[in-house]
Structures are given as structure tokens and as C-alpha cells.
Amino acid sequence: MAVANLPDEAKLLRNFSRCQDWEQRYLYMMELGERLPPLTDEQRVSANFIEGCQSQVWIAVSLNENKQLVLAGDSDAGIVKGLVALVIILFQGKTIEQALETDIKHYFSSLALESHLTPSRTQGLHAMVTTLIKRFSEYAVA
């Protein structure tokens, strides 16, 4: 289930591997962030705010009629908005069970992000994923 012309996980990994250097990868991440549709006023609320990021980040989570995750996100910083897009690509269209079983470390190590992000951005990325996993777990018990 693609959103806002975002690639699926496999295509993202292929596209990332085609980038010649990290400057191109950063530009590609920023481009992905620009593809995210704007959040609605109903989505840009404190319940969707991600604590632990230096930048302001919102990620809204809902389930569609097929019980698949639908995520929408935004940030006030270009690179971070690109990271939001990467997180959305990872979980979008999965069931709660699939999302909770996702090998997150493998996904991000395949992108080699952590060795190229500043410590504060790495912390923010972890905050996004940790918060979403907590929200997914709440859906699972509801």
C-alpha cells in the first residue's frame, strides 16, 4: 500500500543503494519527506506528537478496513521529515502483528543510517520507532 508516491520497502532499499554517496542519500531522504501529504488539523495533535526528537514530529496511526496500518507524518525539519517517510515506508500497510514482528534493526542497518546521522537525529529516529511500537501494541490489546 503506497502513500504519497512513496516507494515500498524493497524499492527504497534499491534506490538507496544506487545513491553514489551520503549527500545523495540525504537529498533522497528529503525528497521522500517532501512527498508526504500535509497532516490534517485532526492529525496534528498532541496524541500524535513524538517525544524525544529535537525537531517537531507528528505521526498519526490508524487502521483501514482491512486492519492494515495507515500512517501519516510530518516534521518541521527536512532531514527529519525524510526519516519520518522512511518509518512510514517500513510500517505502512502492514497488520499490527506484522508491524510488531518487523526486523527494524535489519531495515535500518540495510540503509546504514545510524553511522551517518548525528546523535540527536539517531535518538529521534529511535524515539519515532519506539513510540510507534508502543502505539501498535496498544492496538493489539484493544
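Note that the coordinates shown come from a computational prediction; the quantities given were computed from them, not determined experimentally.
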From [X] atom [atom1] to [Y] atom [atom2], the distance as rounded to the nearest 0.5 Å:
{"X": "T102", "Y": "K94", "atom1": "OG1", "atom2": "NZ", "result": "3.0 Å"}
{"X": "Q43", "Y": "D74", "atom1": "CD", "atom2": "CG", "result": "9.5 Å"}
{"X": "L132", "Y": "K134", "atom1": "CG", "atom2": "NZ", "result": "11.5 Å"}
{"X": "E97", "Y": "K67", "atom1": "CD", "atom2": "NZ", "result": "10.0 Å"}
{"X": "D8", "Y": "R14", "atom1": "CG", "atom2": "CZ", "result": "7.0 Å"}
{"X": "E23", "Y": "D21", "atom1": "CD", "atom2": "CG", "result": "6.0 Å"}

Can you find a pair of side-chain heavy atoms, one from [X] and one from [Y], that are under 4.5 Å apart?
{"X": "I50", "Y": "V84", "value": "no"}
{"X": "L13", "Y": "L111", "value": "yes"}
{"X": "L63", "Y": "I96", "value": "yes"}
{"X": "Y107", "Y": "L113", "value": "no"}
{"X": "V61", "Y": "F91", "value": "no"}
{"X": "V87", "Y": "L90", "value": "no"}
{"X": "L69", "Y": "Q92", "value": "no"}

Steps toward side-chain contact (heavy atoms from CB on, under 4.5 Å) verdict (V129, K105): CA-CA 11 Å; V129 171; K105 288 184 182 189; over 6 Å; no
Looking only at atom types and distance, does a side-chain atom of [X] sit under 3.5 Å from a main-chain N or O of [Y], one as donor and one as acceptor?
{"X": "Q98", "Y": "T95", "answer": "yes"}
{"X": "Q68", "Y": "G93", "answer": "yes"}
{"X": "S75", "Y": "V80", "answer": "no"}
{"X": "D76", "Y": "S55", "answer": "no"}

task: Please name the pair of heavy atoms, one in L83 and one in M128, separated by the smallest distance, quoted to 0.1 Å.
output: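 Looking at all heavy atoms of both residues, the shortest contact is CB-CE, 4.0 Å.
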For this session: Please work out which of the three classes, parallel, tilted or perpendicular, describes the rings of H116 and W22, given edges at 30° and 60°.
Result: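 If you compare the ring of W22 with that of H116, the planes turn out parallel.
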Counting only heavy atoms not in Q54 (residues, nucleotides, ligands), do more than 12 fall under 6.0 Å from its CD?
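For Q54, atom CD is not crowded (no more than 12 foreign heavy atoms under 6.0 Å).
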query: Checking side-chain contact (heavy atoms from CB on, under 4.5 Å) for the pair I59/F49: CA distance, chi angles, key distance, verdict?
result: CA-CA 7 Å; I59 301 177; F49 188 77; over 6 Å; no
Open item on the list: Run the side-chain contact (heavy atoms from CB on, under 4.5 Å) test on N15 and Y28 for me, step by step, so that the C-alpha distance in whole Å, both residues' side-chain angles and the decisive distance to 0.1 Å come before the verdict.
Closed with: CA-CA 9 Å; N15 290 348; Y28 180 57; 2.9 Å; yes
Under the side-chain contact (heavy atoms from CB on, under 4.5 Å) criterion, do L12 and L6 qualify, and how do the steps go? CA-CA 8 Å; L12 171 75; L6 293 177; over 6 Å; no
